[in-house]
Amino acid sequence: MKKNILFRVLSLLLLFANQVQAQQLHHLEPYELISRQLIDITHAKKFATVQVQDFQGRIKPISTLSLELIRKIHGKSSFSYIDKENKKQKLTPTQIFLGMQYKPDSWQLIEFIKIEKKTINSLKELIDINTLGHTSASQFFDFQGNYKLESLVNKAYAKAPGKRSVFDKDVIKIDERINIIWGIFNGQFLKIFPKKDDASLKWYAPIDKEVTFNEDDQLFYSKIIPTYFTNLTIGTKNGDWQKSDETIELIKSFQKNQGATVILSDTKVSLEIWFNNNPIFLWCLIGYTCLGILLVLLSFLITFKPNNNPLKKVIDGTLFLIFILFILQGFGIILRWYISGHAPWSNGYEASIFIAWIGMFAGLIFHKKSSFAPAASSILAICLIGIAHGSLMNPEITNLVPVLKSYWLLIHVAIITGSYGFLALGSLLSLISLLLMCINSFSKYTETENTIKKLTNINQITSTIGLYMLTIGTFLGGIWANESWGRYWGWDPKETWALISIIIYSFVLHIRIIIPKNYLYIYNVCSLFALGSLIMTFFGVNYYLSGLHSYAKGDPFPIPYWIYIIIPIACIISIIPLVKKSTLKKAGYDFS
């Protein structure tokens with residue numbers, strides 16, 4: 001809270017310095033404000049390669065920092081505006097980030113701060129603000145420099161996190177965005193100056209006054225950014241960006257000289273920028289959605305028309321395209337691994353992507369037995385990658401927390417999260433089996449009987465593999481826990497729910513022996529709802545319970561509304577074959 005207050009005090013100094021000029025700019029259209037500081041796209045790409053240290057200590061290109069900050073402020077990875085010719089133009093994150101530091105007086109007036117839709121009306125009633133979804137930073141301050149949100153922010157922070165309303169959480173988010181904006185205006189994020197032989201490996205921004213270099217380097221440190229902004233003025237007025245480009249090269253040379261021990265290679269910088277500009281996992285999400293849904297429909301059709309050769313060829317073609325997406329996703333995971341320098345399953349976002357990939361691997365293994373297997377794994381990938389790219393998870397690449405700096409991250413976490421992919425695939429196959437049972441309950445199709453048995457067998461195999469992996473991973477986790485915390489088992493929520501999942505899936509896999517009567521139906525019902533234990537183990541523990549495994553914990557979020565839709569639907573699908581019990585027996589599902 002004290003940090004926020006200090007941040008606002010510093011920000012107000014800048015606001016007062018530009019207040020007169022900002023008032024003169026109020027009458028200008030957005031494109032006129034942007035034209036005053038429009039950075040050439042070619043020059044922005046060069047500026048994007050300059051390395052910077054974030055507040056967590058990670059060294060990365062400015063391209064990455066810009067993307068992360070603009071996404072937090074604007075809710076999107078770019079900003080669009082209408083120019084004087086009524087054409088839509090788009091600014092890249094680096095153009096925005098650099099422009100905000102070069103001409104903060106203009107960006108104070110541009111409406112690009114995201115306001116949650118459900119909060120707009122309530123906010124308008126409490127403070128004088130005009131917005132349809134995005135607003136400007138200047139609207140949160142009155143002409144006396146008072147911060148309009150201050151009382152609302154104080155009330156929100158005064159409440160315990162679990163007692164904050166949706167409005168309170170949205171106010172805190174808006175406050176964070178404004179703090180980020182003023183931090184950019186003040187140059188606090190521009191930590192681009194390393195210091196040779198600094199034990200802390202800290203990099204410094206131009207406003208950091210505590211740092212001292214030798215005489216020549218100190219002069220460069222104090223003068224280079226003002227010089228650069230002067231050169232930017234030449235570029236924006238005359239279109240001559242040569243001096244600005246030369247200044248960037250001087251900064252990069254300074255970085256190589258002062259930060260040789262920690263600076264990234266040019267190859268890693270180029271690959272990270274390419275990764276930022278090419279959303280591989282989003283491409284995979286779109287591809288899995290189109291091809292996965294198509295494959296599900298084709299799989300149902302081939303079940304009722306098994307001798308349709310043209311249909312089989314279409315299925316083979318679809319499978320090939322899904323395999324290409326699987327390779328692309330694997331490439332994205334390896335690239336993220338190289339960029340981050342650690343195994344890419346250290347947080348919720350990375351784990352979701354990895355589980356989706358393992359689930360696809362499991363489905364493709366059994367594609368010859370049934371096309372339903374890769375179809376189900378595609379649906380799993382859609383759900384997990386969709387959740388990862390939603391608002392619940394942060395895709396930002398971060399440094400590892402101390403407890404994760406171990407080779408056990410590569411072993412234990414990979415095995416545990418990999419088991420989720422196999423187990424979740426089994427549960428989705430059980431859903432498809434139950435759907436086929438529902439169809440057969442109303443109208444008997446001989447072809448579906450063999451399909452149900454095949455899917456159940458695949459389900460048992462994938463669940464057995466997943467259970468072995470989950471059990472082995474849990475034991476290995478105990479060894480890691482002893483190394484990290486001095487005990488093998490402590491009934492931590494994550495440990496407890498991992499054990500619960502092991503017990504549940506052990507029971508499911510022994511249903512064939514325990515309850516041989518109608519075991520196909522009972523097994524698939526139990527396998528379907530066993531997925532709930534995995535959801536609790538993976539998501540619930542991280543976001544609703546606290547413990548030693550809370551290093552991946554994000555802000556608590558409400559139960560997604562679609563959960564309340566899916567659970568009743570799953571119950572109905574499970575009950576229909578039971579209601580049609582007589583039809584079920586005639587179809588041969590009663591193995592008494």
Side-chain angles (χ1 to χ4, degrees), residues 281 283-330 352-353 355-387 420-440 445 447-463 465-466 520 523-525 527-528 530-531 534 562 566 569-570 573-574:
F281 302 128
W283 295 346
C284 291
L285 174 60
I286 296 171
Y288 286 140
T289 301
C290 298
L291 297 175
I293 294 174
L294 175 62
L295 188 58
V296 169
L297 297 175
L298 293 173
S299 299
F300 274 104
L301 289 176
I302 201 68
T303 298
F304 304 117
K305 296 181 180 181
N307 298 319
N308 191 319
N309 290 327
L311 195 58
K312 290 180 180 179
K313 291 182 179 180
V314 176
I315 289 175
D316 290 340
T318 305
L319 284 171
F320 177 76
L321 294 175
I322 288 178
F323 177 74
I324 296 299
L325 287 174
F326 169 75
I327 297 298
L328 179 62
Q329 186 182 357
S352 297
I353 298 295
I355 294 171
W357 188 73
I358 292 295
M360 282 304 310
F361 173 72
L364 289 170
I365 289 176
F366 298 99
H367 77 278
K368 288 186 178 181
K369 290 184 177 293
S370 174
S371 60
F372 272 119
S377 60
S378 297
I379 299 302
L380 174 63
I382 293 169
C383 295
L384 288 172
I385 301 177
I387 291 173
Y420 297 160
F422 280 90
L423 294 172
L425 175 59
S427 294
L428 288 179
L429 289 174
S430 66
L431 175 62
I432 295 173
S433 297
L434 289 170
L435 285 171
L436 291 173
M437 289 182 186
C438 291
I439 294 172
N440 232 23
Y445 292 95
E447 294 83 1
T448 60
E449 296 178 25
N450 291 330
T451 303
I452 292 170
K453 291 177 182 178
K454 282 182 182 180
L455 294 181
T456 304
N457 288 334
I458 297 173
N459 184 348
Q460 289 176 325
I461 295 172
T462 58
S463 296
I465 295 172
L520 279 179
Y523 173 83
N524 282 292
V525 170
S527 177
L528 173 61
L531 183 62
L534 287 185
W562 48 264
I566 289 179
I569 292 175
I573 292 172
S574 302

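Keep in mind it's a predicted model, so treat the numbers as computed, not measured.
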So, does S427 use its side chain to make a donor-acceptor pair with the main chain of S527 at under 3.5 Å?
yes
Donor-acceptor pair, distance only, cut-off 3.5 Å: does the side chain of S378 make one with the backbone of G292?
no
Go through it in stages, so that I can follow the logic: the residues are M360 and I322, the test is side-chain contact (heavy atoms from CB on, under 4.5 Å), and I'd like the CA-CA distance, side-chain angles, deciding distance and then a yes or no.
CA-CA 9 Å; M360 282 304 310; I322 288 178; 3.2 Å; yes
As an exercise, state the distance from SG of C284 to CD1 of I327, rounded to the nearest 0.5 Å.
10.5 Å
S371 and S299: CA distance, side-chain angles, deciding distance, side chain to side chain donor-acceptor pair (under 3.5 Å) verdict
CA-CA 6 Å; S371 60; S299 299; 2.7 Å; yes
Go through the steps for I439 and F304 under the test side-chain contact (heavy atoms from CB on, under 4.5 Å), then give the verdict.
CA-CA 11 Å; I439 294 172; F304 304 117; 4.0 Å; yes
Distance flag, aromatic centroids of F372 and F300, threshold under 6.0 Å
yes
Side chains of K369 and L455: closer than 4.5 Å at any heavy-atom pair?
no
Any luck finding a side-chain donor-acceptor pair between S433 and N459 under 3.5 Å?
no
Quick one, S370 and I458 - any side-chain contact, counting heavy atoms below 4.5 Å?
yes
Scan side-chain atoms only and decide if Y523 and Q460 contain a donor-acceptor pair under the 3.5 Å cut-off.
no
Please work out whether the ring planes of F361 and F326 are parallel, tilted or perpendicular, with thresholds of 30° and 60°.
parallel
Quick check: does any side chain N or O of Q329 sit under 3.5 Å from a backbone N or O of I353, one acting as donor and the other as acceptor?
yes
